[in-house]
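What follows is one structure encoded as structure tokens, with my remarks underneath.
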Protein chains: 2
Amino acid sequence: MNSKTDSREKIVAAASKLFQLKGYTATGLNEILRESGAPKGSLYYYFPNGKEELALAAVDLTSKTMQANVLAGLNSDSDPVCAVSKVISDMITALKDDGRLQTMSLSMLALETCQTSDTLREACARSFEKMSSIYAQKLLDSGFSCERSAELGTVLQSMIEGAITLSLTARDVKPLETVLHQLPLLLRRDSGV
Amino acid sequence: MNSKTDSREKIVAAASKLFQLKGYTATGLNEILRESGAPKGSLYYYFPNGKEELALAAVDLTSKTMQANVLAGLNSDSDPVCAVSKVISDMITALKDDGRLQTMSLSMLALETCQTSDTLREACARSFEKMSSIYAQKLLDSGFSCERSAELGTVLQSMIEGAITLSLTARDVKPLETVLHQLPLLLRRDSGV
DNA sequence: GTCTATAGGTTGATAGAC
DNA sequence: GTCTATCAACCTATAGAC
């Protein structure tokens, strides 16, 4: 077994979970270490630049998992409306199971850090951009025009991030369900602008 | 002059500004007091329950200002597409002037506090709900059906909050501009679901 | 009522033993 | 390489002088 990167991975996994749950500022390094079981020395061995460098690794991990989840949902159906609906339904189910963020949104971390750390801001921006492009690619494959696919990808990403925020705040998945319900209208093929 | 509530109002105004800019956890009470010019004793005189009670007042202030801004934009045109476009254009202009949140979104504060404080979570949820209903009322007045108005109000609120998050993170108003561009399609009158 | 000084606890980070 | 003991700085909250 490779115990070499094991400590590192456990720290990043714990950080990724806690940053999403409580936010960047509210999550202490001690808490991350307690959760991961690793001692403090290991953290500064693997991440000499401290909290910011660890958060960067956590964002990358969260981002990759999010992308995999969305891609899996999109691949479940060839019809783009059904495919995106599946992605949102999965989020609703996950949110109902436990009312917490679990690899669904980087919004809190992005908003917290975008004014204070360019490194983290850019990492979050890349993640948002990637998610938009994943939605756009699905639309492009389904016959939407190049320009309209790109625009709708951004709109979908905005709408879903916003609906997650509203649903978490209300402790009620209704905003996500409403977006789900209005999805067919937004993605109509006819009379594209 | 009524100096009675003057200190209180200055504290709430400073808190409202800093909470939106840096977030709830990252903003210290000392910083708020420094910004407002009031001493620490006054804070605990007006807000015996400390930071949470102050944040509640700050959310109420921010929420009221946001509602006034959106209502002003919506009243600028009788056509709902033009009216909502005006609201979003104003946000784009404000974001271009200085790339910071200024009475535009409670998303960061809502995400930060929704897992730890029911009081603040509910205050943010009420604000989101109110904003959705303001958009819905405009659509209702423009002849949309009652049910469709309510649903589109939620979708608009989600989409705009999400696009603000994306624009701030990317330091680029393009996501908001894209939403603006796709707005006419979302709000088409024909063939309502 | 208004304000200051300080308590008590936590944070991110470091130095150095093994 | 891995870990522990400890630092200085910061936080929220309080007690009590004016």
Side-chain angles (χ1 to χ4, degrees), chain A residues 1-59 108-109 112-113 115-121 123, chain B residues 1-59 108-109 112-113 115-120:
Chain A
M1 56 194 281
N2 56 347
S3 62
K4 189 126 54 127
T5 57
D6 198 49
S7 269
R8 197 194 123 101
E9 281 175 13
K10 281 197 299 186
I11 292 174
V12 174
S16 182
K17 174 183 163 185
L18 288 169
F19 283 149
Q20 278 176 81
L21 197 65
K22 307 182 53 178
Y24 180 72
T25 316
T27 302
L29 296 183
N30 295 329
E31 199 176 356
I32 294 172
L33 294 169
R34 207 183 315 128
E35 170 96 11
S36 72
K40 183 166 283 197
S42 298
L43 194 155
Y44 280 93
Y45 172 71
Y46 290 114
F47 304 97
N49 285 15
K51 196 178 188 182
E52 187 178 11
E53 191 178 357
L54 170 58
L56 192 61
V59 168
M108 173 165 38
L109 211 146
E112 276 188 286
T113 60
Q115 305 285 353
T116 52
S117 160
D118 261 349
T119 311
L120 289 176
R121 182 185 65 73
Chain B
M1 53 194 285
N2 56 347
S3 62
K4 188 128 51 133
T5 57
D6 198 48
S7 270
R8 197 194 122 101
E9 280 174 15
K10 282 196 297 185
I11 292 174
V12 175
S16 182
K17 173 184 164 187
L18 287 170
F19 283 149
Q20 277 174 83
L21 198 64
K22 309 182 49 176
Y24 179 73
T25 316
T27 302
L29 297 182
N30 295 328
E31 199 177 356
I32 294 172
L33 293 168
R34 206 183 316 130
E35 169 96 13
S36 72
K40 182 166 285 197
S42 298
L43 194 156
Y44 280 93
Y45 172 72
Y46 290 114
F47 305 97
N49 286 14
K51 196 179 188 181
E52 186 179 10
E53 191 178 357
L54 170 59
L56 192 61
V59 167
M108 172 163 41
L109 211 145
E112 275 188 287
T113 61
Q115 305 285 354
T116 52
S117 160
D118 261 349
T119 311
L120 290 176

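Lettering of chains follows the sequences in order, A, B, ..., and the numbering in each one begins at 1.
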Inset, instruction - Report yes or no: does A/T27 contribute a side-chain atom to a donor-acceptor pair with the main-chain N or O of A/L18 at less than 3.5 Å? - result: yes

Legend entry - Length of the NZ-P vector between A/K40 and D/dT6, whole Å: 14 Å

Inset, instruction - Kindly point out which of D/dA13, C/dG12, C/dT4 is positioned nearest to the side chain of A/K51? - result: C/dG12

Inset, instruction - Determine: side-chain N/O of B/S42 to OP1/OP2 of C/dC3, distance under 4.0 Å, yes or no. - result: yes

Legend entry - Interatomic distance where CG belongs to A/L33 and C1' belongs to C/dT10 [whole Å]: 14 Å

Inset, instruction - For C/dT10, take OP1 and OP2 only and decide whether either is under 4.0 Å from a side-chain N or O of A/N30. - result: no

Legend entry - Whole-Å distance separating the CG atom of B/L43 from the P atom of C/dG1: 18 Å

Legend entry - Donor-acceptor under 3.5 Å (B/Q20 side chain, B/S16 main chain): yes

Legend entry - Distance, rounded to the nearest Å, where A/L54 contributes CG and C/dT11 contributes P: 15 Å

Legend entry - Between P of D/dT4 and OH of A/Y45, the distance in whole Å: 17 Å

Inset, instruction - Name the residue closer to the 5' end of DNA chain C, choosing between A/Y44 and B/A38 according to the nucleotide with the nearest heavy atom. - result: B/A38

Inset, instruction - Pick base, sugar-phosphate or nothing for B/T25, based on heavy-atom distances below 4.0 Å to the nucleic acid. - result: nothing

Inset, instruction - State whether B/Y46 places a side-chain N or O below 4.0 Å from either non-bridging phosphate oxygen (OP1 or OP2) of C/dT2. - result: yes

Legend entry - With B/E52 via side chain to side chain contact (heavy atoms under 4.5 Å, CB included) - residues at least two apart: B/Y24, B/S117, B/T119, B/L120

Inset, instruction - Report the distance from atom CG of B/L29 to atom P of C/dA5, rounded to the nearest whole Å. - result: 18 Å

Inset, instruction - Can you tell me the distance, in whole Å, between the CD1 atom of B/I32 and the P atom of D/dA13? - result: 11 Å

Inset, instruction - Return yes if some donor-acceptor pair links the side-chain N/O of B/E112 with the main-chain N/O of A/G23 below 3.5 Å, else return no. - result: no

